[in-house]
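Written below as structure tokens is the structure these notes are about.
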Amino acid sequence: MDHSDRGIDRRRVLTFGGGLLGLAALGPALWPTRSAAAATLAPSSLSPEEALKRLLDGNQRFTGHHLEHPDQSEERVLELTQSQHPFATVLSCADSRVAAEIIFDQGLGDIFDVRVAGNIATPEVVGSIEYAVELLETPLLMVLGHERCGAVTAAVKNEPLPGDIGTFVQAILPAVNQVKGQPGDAVDNAVTANVRYQVEQVLRSSLVRDRQQSGQLQVVGARYDLDTGTVTLVA
């Protein structure tokens, strides 16, 4: 991306994303009069540290069964009709048991979700992350793996797979090889190694790295425990 055009591109993409996609998703017929008056949200005012605390506090509510279900009202829907400024970007696995808004007890417009089997940082995924951190200015990026991940398990077994399933296995194999032969459960070791490896891949993006080095973005790796619901930082 040409940084000299960044301001123009930011306005153009935000207008396109907030307007066209918002209308396509919601439809003007749902709230025909009130949506026209919806305010444009400002970028998140949270620091990277505050954003991480907000996520982890939400996970504590989730594990403690004290859910607040924030930002899920009709008013919140209307606030988001023209723009979005989530406070966190989360790259997580597509696994149905690891939905970020639920395990972090957040709501609409709070988290920019990027989900793919094995939480791998392919070029398309990195592009989505760059959109979030550069144009939406999310102050936090979390790469989130999880216990007993099927994609990581497939990479550890490294056996022939049908269709295009093997493509994400290839993206995880470098992490598997980093911990091959180590004591403990091979899949469990690889899950943590894969989080750290994918963080490294995301940080190959100059856009992500520049925002991190400027202090505007914190990049962390974490894993989700299916048994307890707890999210633990690992990178």
Side-chain angles (χ1 to χ4, degrees), residues 17 44 46 48-49 51-56 58-59 62 84-155 165 167-176 178 190-213 216-226 229-235:
S44 173
L46 296 180
E49 294 76 17
L52 178 59
K53 182 177 187 304
R54 180 170 167 181
L55 267 192
L56 297 180
N59 181 245
F62 174 71
Q84 60 168 330
H85 287 291
F87 73 89
T89 303
V90 177
L91 167 58
S92 62
C93 185
D95 193 294
S96 64
R97 300 164 293 182
V98 194
E101 280 83 0
I102 294 176
I103 66 173
F104 291 116
D105 191 26
Q106 302 299 324
L108 294 170
D110 292 334
I111 297 174
F112 191 91
D113 287 310
V114 184
R115 301 187 67 179
V116 61
N119 42 275
I120 55 177
T122 64
E124 296 82 1
V125 165
V126 172
S128 296
I129 290 171
E130 288 177 339
Y131 172 85
V133 303
E134 177 69 16
L135 298 175
L136 302 182
E137 304 179 50
T138 59
L140 176 69
L141 167 59
M142 174 181 284
V143 177
L144 179 65
H146 69 92
E147 186 181 28
R148 297 191 284 275
C149 177
V152 173
T153 301
I165 299 175
T167 57
F168 63 72
V169 167
Q170 291 300 316
I172 299 172
L173 279 178
V176 172
Q178 288 177 357
V191 165
T192 300
N194 186 48
V195 168
R196 293 170 176 156
Y197 176 73
Q198 302 305 334
V199 168
E200 293 173 0
Q201 301 312 299
V202 171
L203 286 173
R204 295 176 67 181
S205 160
S206 60
L207 291 181
V208 174
R209 202 168 55 247
D210 286 350
R211 289 191 69 82
Q212 182 198 41
Q213 292 174 352
Q216 297 171 296
L217 174 72
Q218 183 174 2
V219 182
V220 299
R223 54 176 289 164
Y224 176 72
D225 189 315
L226 292 174
T230 302
V231 172
T232 304
L233 297 181
V234 297

Minimum-distance pair of heavy atoms, taken over all atoms of [X] and [Y]:
{"X": "Val152", "Y": "Ala190", "value": "CG1-CB, 3.5 Å"}
{"X": "Phe168", "Y": "Ala151", "value": "CE1-CB, 3.4 Å"}
{"X": "Tyr197", "Y": "Ala171", "value": "CE2-O, 3.6 Å"}
{"X": "Phe62", "Y": "Ile102", "value": "CD1-O, 3.4 Å"}

Distance-only check: which donor-acceptor pairs under 3.5 Å involve side-chain atoms of residues 115-128, not counting sequence neighbours?
| residue | atom | partner | partner atom | Å |
| --- | --- | --- | --- | --- |
| Arg115 | NE | Cys93 | O | 3.1 |
| Arg115 | NH2 | Cys93 | O | 3.2 |
| Arg115 | NH2 | Ala94 | O | 3.4 |
| Arg115 | NH2 | Asp95 | O | 2.4 |
| Arg115 | NH2 | Val98 | O | 3.3 |
| Thr122 | OG1 | Glu124 | OE1 | 3.3 |
| Thr122 | OG1 | Val125 | N | 3.3 |
| Ser128 | OG | Glu124 | O | 3.3 |

Rounded to the nearest 0.5 Å, what's the gap from [atom1] on [X] to [atom2] on [Y]? Could you check?
{"X": "Thr89", "Y": "Glu130", "atom1": "OG1", "atom2": "CD", "result": "11.5 Å"}
{"X": "Leu140", "Y": "Leu46", "atom1": "CG", "atom2": "CG", "result": "9.5 Å"}
{"X": "Thr138", "Y": "Gln84", "atom1": "OG1", "atom2": "CD", "result": "10.0 Å"}
{"X": "Ile103", "Y": "Ile111", "atom1": "CD1", "atom2": "CD1", "result": "8.0 Å"}
{"X": "Leu203", "Y": "Leu141", "atom1": "CG", "atom2": "CG", "result": "7.5 Å"}
{"X": "Phe87", "Y": "Leu136", "atom1": "CZ", "atom2": "CG", "result": "13.5 Å"}

Tell me, please, which residues at least two apart from [X] pass side-chain contact (heavy atoms from CB on, under 4.5 Å).
{"X": "Pro139", "result": "Ser44, Pro48, Ala51"}
{"X": "Glu49", "result": "Ser47, Gln218"}
{"X": "Ala154", "result": "Leu161, Val169"}

**Request:** Return yes when atom CG of Leu226 has more than 12 non-hydrogen atoms of other residues, nucleotides or ligands closer than 6.0 Å, and no otherwise.
**Result:** yes
**Sequence neighbours excluded, every pair satisfying salt bridge (Lys or Arg N to Asp or Glu O under 4.0 Å) that has a member inside residues 98-111** = Arg54-Asp110, Arg61-Asp105, Arg76-Asp110
**Message:** Tell me which one of Glu134, Glu137, Arg211 satisfies side-chain contact (heavy atoms from CB on, under 4.5 Å) with Gln216.
**Reply:**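 Result: among Glu134, Glu137, Arg211, Arg211 is the only option passing the side-chain contact (heavy atoms from CB on, under 4.5 Å) with Gln216.
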**Request:** Name all pairs fulfilling the side-chain hydrogen bond (donor to acceptor under 3.5 Å, both in side chains) condition that reach into residues 139-150, sequence neighbours left out, sorted by first residue then second.
**Result:** Arg148-Asp227
**Request:** Apply side-chain contact (heavy atoms from CB on, under 4.5 Å) to Asp225 and Thr232, showing your working.
**Result:** CA-CA 8 Å; Asp225 189 315; Thr232 304; over 6 Å; no
**Prompt:** So, does Arg196 use its side chain to make a donor-acceptor pair with the main chain of Gly221 at under 3.5 Å?
**Reply:** no
**Request:** Could you tell me whether the side chain of Val231 reaches within less than 4.5 Å of the side chain of Leu55, counting heavy atoms only?
**Result:** no
**Message:** Determine whether Val219 and Val133 satisfy the following criterion, side-chain contact (heavy atoms from CB on, under 4.5 Å), listing intermediate values before the conclusion.
**Reply:** CA-CA 10 Å; Val219 182; Val133 303; over 6 Å; no
**Message:** Val195 vs Leu144, test: side-chain contact (heavy atoms from CB on, under 4.5 Å). Steps then yes/no.
**Reply:** CA-CA 7 Å; Val195 168; Leu144 179 65; over 6 Å; no
**Request:** Would you please say whether a donor-acceptor pair under 3.5 Å links the side chains of Arg209 and Gln212?
**Result:**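 No donor-acceptor contact under 3.5 Å links the two side chains.
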